[in-house]
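See structure below.
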Amino acid sequence: MRSLGTNINTNVNGLMVSYNDEGPVGTPVVLFIHGFPLNKSMWNAQFEALKPTYRVIAYDVRGHGNSEAGTEDFSIELFVEDLLGFMDTLQLDQVILCGLSMGGYIALSAIEKHPERFIGLVLSDTQCLADTPEAIAKRMAAIESIREKGAELYVEQSIQNLFAVASFDTKPMEIGSVKEMMNKTTAQSMCNTLHALAVRKETCSKLSELTMPILILVGQEDKITPPKVARLMLDKTQHSTLVIVEHAGHLANIENPHQFNQQLMNFMDRYFPIDKH
Ligand code: MLT
């Protein structure tokens with residue numbers, strides 16, 4: 001019997017993984033993967049919009065939210081093994097995958113290896129490019145700083161890059177909840193993940209082989225993965241649509257949930273319609 005609800009625990013690859021699972025049984029499953037260093041609660045607004053119609057699942061990547069970290073060095077490959085292990089545990093043969101930023105890196109890498117498990121893809125504020133040498137150097141400096149002084153300064157500086165300028169005046173609640181998610185991630189897990197992000201491989205070269213429908217979303221003011229890197233993914237994919245989310249930076253789903261959810265619902269209605277009668 002499937003358990004429904006929030007903060008459910010299951011064992012994946014020897015680790016306790018926490019997830020939310022809501023919506024009607026038997027409908028297409030949208031599986032959400034969060035960004036760094038956040039957790040599954042970043043998808044709450046998308047759950048509210050989709051769960052009357054579709055089954056929605058979001059899990060905490062190891063070392064984030066309420067999932068255990070384990071003792072291994074993190075890598076995107078390890079996160080992909082966890083994703084596939086999680087899908088096997090929940091007996092999810094095929095899903096529509098929705099990843100934001102790091103969640104998109106995991107999604108693209110998983111799809112490269114096992115395209116048959118994914119029938120649709122939503123890429124939000126992410127990219128297929130690997131880190132440049134400058135980006136790697138910045139991540140290494142961040143790791144040093146977190147190890148020496150703790151994560152507080154890193155959190156404060158990161159927040160400045162995550163949101164659109166106007167959101168600092170208009171969205172204090174959203175900024176507060178993102179800060180809370182970041183502060184929940186331990187310094188150890190932050191460093192471990194920063195290293196995994198720095199050494200990740202590019203996924204652009206395989207994008208043209210993907211046959212599932214793809215929706216690409218990006219905040220108009222995203223400074224981390226800006227619209228031009230979203231356009232690069234659009235150009236390399238066959239069945240994709242790009243939407244620029246207004247009044248949003250890197251966390252488009254949190255800053256403009258209205259537009260984001262509308263686009264997500266349109267995509268689901270178009271490719272995975274449910275007979276509502
Ligand atoms: C994220 O939101 O997951 C990170 O910004 C990804 C990154 O730093 O490349």
Side-chain angles (χ1 to χ4, degrees), residues 32-43 46 58-65 67 74-80 82-83 97-110 122-146 151 153-164 167 174-175 177-187 189-204 216-219 221-230 232-233 245 248-256 260:
F32 292 90
I33 318 177
H34 61 79
F36 165 78
L38 308 175
N39 61 58
K40 62 183 177 318
S41 67
M42 69 166 287
W43 298 112
Q46 284 64 53
Y59 69 99
D60 287 331
V61 173
R62 66 166 74 202
H64 295 73
S67 288
F74 290 176
S75 63
I76 297 297
E77 289 75 16
L78 183 66
F79 293 157
V80 169
D82 289 344
L83 164 66
L97 203 50
C98 174
L100 183 137
S101 200
M102 173 182 79
Y105 306 158
I106 299 170
L108 284 168
S109 183
V122 182
L123 295 167
S124 176
D125 301 277
T126 192
Q127 60 185 335
C128 58
L129 299 161
D131 268 10
T132 60
E134 293 74 30
I136 294 174
K138 261 173 108 172
R139 296 218 203 257
M140 296 307 165
I143 293 172
E144 279 300 308
S145 158
I146 295 171
L153 182 66
Y154 177 75
V155 169
E156 285 308 319
Q157 287 171 347
S158 302
I159 286 277
Q160 300 309 315
N161 290 323
L162 286 179
F163 288 91
S167 296
E174 288 80 351
I175 291 171
S177 84
V178 166
K179 220 185 246 188
E180 202 177 300
M181 283 185 239
M182 293 175 95
N183 284 327
K184 204 169 166 173
T185 314
T186 64
S189 283
M190 277 198 194
C191 293
N192 211 346
T193 313
L194 278 165
H195 188 265
L197 296 176
V199 300
R200 76 180 191 281
K201 298 188 184 80
E202 65 83 30
T203 49
C204 302
I216 304 168
L217 296 156
V218 62
E221 294 180 47
D222 186 338
K223 296 196 245 327
I224 299 173
T225 48
K228 73 166 188 253
V229 299
L232 183 73
M233 294 192 291
V245 181
H250 188 57
L251 302 177
N253 70 312
I254 295 179
E255 288 182 89
N256 191 343
F260 191 99

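Hydrogens, waters and symmetry mates are skipped; everything else that's a heavy atom, side chains included, is used. One-based numbering along the sequence shown. Note that ligands are numbered from 1 as they come in the structure, with each ligand's atoms numbered from 1 the same way.
Residues satisfying the ring pair (Phe, Tyr, Trp, His ring centres under 6.0 Å) test with F74, not counting sequence neighbours, are F79. Evaluation of the side chain to side chain donor-acceptor pair (under 3.5 Å) rule for S75 yields no partner, not counting sequence neighbours. Taking the ring pair (Phe, Tyr, Trp, His ring centres under 6.0 Å) definition, one finds that Y59 meets it with F86, sequence neighbours left out.
Each of R200, M140, M190 was checked for a side-chain contact (heavy atoms from CB on, under 4.5 Å) with H195, and the lone residue meeting it is M140.
Taking CZ of F36 as the start and CG of L197 as the end, the distance is 6.0 Å to the nearest 0.5 Å.
Within 6.0 Å of the CD atom in E202, the count of heavy atoms belonging to other residues, nucleotides or ligands exceeds 12.
Sorted by chain then number, the residues whose non-hydrogen atoms approach ligand 1 to under 4.0 Å are G35, F36, S101, M102, Y105, R139, I224, H250.
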